[in-house]
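Here is the structure we will look at.
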Amino acid sequence: MNDKTLLVGDVGGTNARFAVARMVDGQPVLDHHESFPAETYPTFLEGVAAFIDGCEVKPTGGVIAVAGAVTNGEIDLTNSPWRVSEAELQTLGLEPVKLINDFEALAWGAPIVPADQLESLGGPIDGDPHATVAVLGPGTGFGVSALVRDAHGKEMAMPSEGGHACFPPGDPVEDEILRILRRRYDRVSIERLICGPGLLNMHRALAEIDGRETHIEDPAEITTTALADPDSPCGATLARFCAILGAVAGDIALTTGARGGVYIAGGIVPRILPFIKASPFRKRFERKGRFQDYMAAIPTKVIMHKHAALLGSARVAFAEAGE
């Protein structure tokens, strides 16, 4: 057992989650979980300091995952008053300390999520253990990362902004969705459709295609109605959402060579699990022309573990601490 105690965090625009991590039998173990809204503390540093003050054993270093691109050791969170800086964190006695992208943390965490915290969306149980795994998912935005692995056990996580790649329509209806959204956005990215706000964009576009009105303003209303009545217009929206997510996940698997598996993270999919299992997700994932057999051999799984990003942050934290 390793006696180091390290701080790990997962910080978004709305909420911050922290824990302390220990290494037990080669695996990170998380203790003293705490979650609070960003608005609770005026500055990020005060929030971290308050968490550390409540720890019986003070962490000596750490890694914090943040929802955005890290530049020169700092990040401004788009939808939060917080500014995050490695230099400021060092004033709390954390050394080493590092900021990483939240989906980079999920890439590190996905392969060590316990099997009972994963749900299959199709394909084999296991992928190639020496091949890349991809992690992607819709929440407030759409995150993408990958963990590159080789036959010698070496691994490297790739942070990315893949959610901002162009939306690829896969049939005439999606061609029309793209045409409609182009009136509002000069360039239509994946994130304009496959995330919470994107679900609303899609619902309005489908209503226009069908020639009907919609007065829904909350994406949560779409999912709630769809789960209660899959044959409703909201059900059609959510089914299209799942289909496009499958197509995008397949494109990312091809792009990264993710024969080790594709993991779906984010806040939306775990809440619609029975629906997405019955949706065209897997069919669209595999529908890649001459590469259909290649795709059929790739497992697709949903991460149900609430703290997978903290597990990934812990892996990085112990590596940074030389363990």
Side-chain angles (χ1 to χ4, degrees), residues 24-30 103-139 142-158 160 162 194 239 241-315:
V24 179
D25 297 329
Q27 294 293 326
V29 174
L30 306 175
F103 268 78
E104 180 183 356
L106 282 166
W108 285 111
I112 62 169
V113 170
D116 63 358
Q117 293 289 302
L118 297 169
E119 289 281 349
S120 174
L121 290 183
I125 295 174
D126 297 309
D128 183 339
H130 305 302
T132 295
V133 299
V135 183
L136 54 104
F142 186 82
V144 179
S145 185
L147 187 71
V148 180
R149 305 187 294 190
D150 69 14
H152 305 291
K154 292 182 180 179
E155 297 176 316
M156 182 178 71
M158 301 190 324
S160 89
I194 306 300
F241 178 94
C242 293
I244 295 173
L245 176 59
V248 168
D251 286 346
I252 291 168
L254 285 172
T255 303
T256 60
R259 290 182 292 172
V262 173
Y263 293 84
I264 310 297
I268 295 176
V269 174
R271 296 199 295 267
I272 63 167
L273 197 60
F275 191 100
I276 195 171
K277 285 185 175 184
S279 80
F281 171 91
R282 182 70 193 191
K283 181 179 179 181
R284 288 289 295 273
F285 178 84
E286 293 186 11
R287 198 190 80 182
K288 300 300 177 187
R290 292 170 293 169
F291 274 74
Q292 183 140 352
D293 290 345
Y294 180 100
M295 302 304 295
I298 298 175
T300 45
K301 301 180 181 182
V302 180
I303 297 174
M304 304 299 290
H305 197 295
K306 292 182 179 179
H307 302 300
L310 295 180
L311 286 176
S313 295
R315 287 191 72 191

Closest contact, heavy atoms only, Pro270 versus Gly266: CD-O, 3.3 Å

First locate atom CZ of Arg259, then atom CG of Leu254, and finally report the distance between them rounded to the nearest 0.5 Å. 11.0 Å

To the nearest 0.5 Å, what is the distance between OG (Ser313) and NE2 (His307)? 12.0 Å

Between Ile244 and Ile194, is there a side-chain heavy-atom distance shorter than 4.5 Å? yes

Spacing of Ile268 atom CD1 and Leu245 atom CG [to the nearest 0.5 Å]: 9.0 Å

Could you give the distance from CD1 (Ile272) to OG (Ser279), rounded to the nearest 0.5 Å? 7.5 Å

Would you say the side chain of Thr300 lies within less than 4.5 Å of the side chain of Tyr263, judging by non-hydrogen atoms? no

Determine whether Met158 and Val148 satisfy the following criterion, side-chain contact (heavy atoms from CB on, under 4.5 Å), listing intermediate values before the conclusion. CA-CA 7 Å; Met158 301 190 324; Val148 180; 3.7 Å; yes

Quick check: do Val133 and Val262 have side-chain heavy atoms less than 4.5 Å from each other? no

Just say parallel, tilted or perpendicular for the rings of Tyr294 and Phe291, cut-offs at 30° and 60°. perpendicular

Of the non-hydrogen atoms in Pro124 and Ala297, which two are nearest, and what is the gap between them? CG-O, 3.3 Å

Should the heavy atoms of other residues, nucleotides or ligands under 6.0 Å from CZ of Arg284 be counted, would the total exceed 12? yes

Should His130 and Asp128 be marked as a side-chain contact (heavy atoms from CB on, under 4.5 Å) after you check the CA-CA gap, both sets of side-chain angles, and the distance that decides it? CA-CA 5 Å; His130 305 302; Asp128 183 339; 3.7 Å; yes

Within a strict 4.5 Å, meaning less than it, do heavy atoms of the Phe275 and Cys242 side chains meet? yes

Identified side-chain contact (heavy atoms from CB on, under 4.5 Å) partner of Met304 from the options Val113, Val269, Leu273, Leu118: Leu273

Side chain to side chain, Lys288 and Asp251, heavy atoms closer than 4.5 Å: yes

Quick one about Arg149 and Thr132 (side-chain donor to acceptor, distance below 3.5 Å, no hydrogens or angles considered), yes or no? no

Over all heavy atoms of both residues, which pair between Ala157 and Trp108 is shortest? Give the atoms and the distance, please. CB-NE1, 3.1 Å

Does Ala296 offer a backbone N or O that forms a donor-acceptor pair with the side chain of Asp293 under 3.5 Å? no

Tell me if a side-chain donor or acceptor on Arg315 pairs with a main-chain N or O of Leu311 at a distance below 3.5 Å. no

In Å and rounded to the nearest 0.5 Å, what is the CZ to CZ distance from Phe241 to Phe281? 10.5 Å

Min side-chain heavy-atom separation Val135-Val144 under 4.5 Å: no

To the nearest 0.5 Å, how far apart are CD in Glu286 and CZ in Arg282? 4.0 Å

Minimum heavy-atom distance Ile252-Ala134, with the two atoms named: CG2-CB, 4.1 Å

Could you check whether any side-chain heavy atom of Pro111 comes within less than 4.5 Å of a side-chain heavy atom of Leu147, counting everything from C-beta outward? yes

What are the two closest non-hydrogen atoms of Ala253 and Met295, and how far apart are they? CB-CE, 4.0 Å

Donor-acceptor check, side chain of His152 to backbone of Lys154, threshold 3.5 angstrom: yes or no? no

Please check this pair: side chain of Lys301 against backbone of Ala115, looking for a donor-acceptor N/O pair closer than 3.5 Å. no

Atom of Ala308, atom of Ile303 and distance for their closest heavy-atom approach: CB-CG2, 3.7 Å

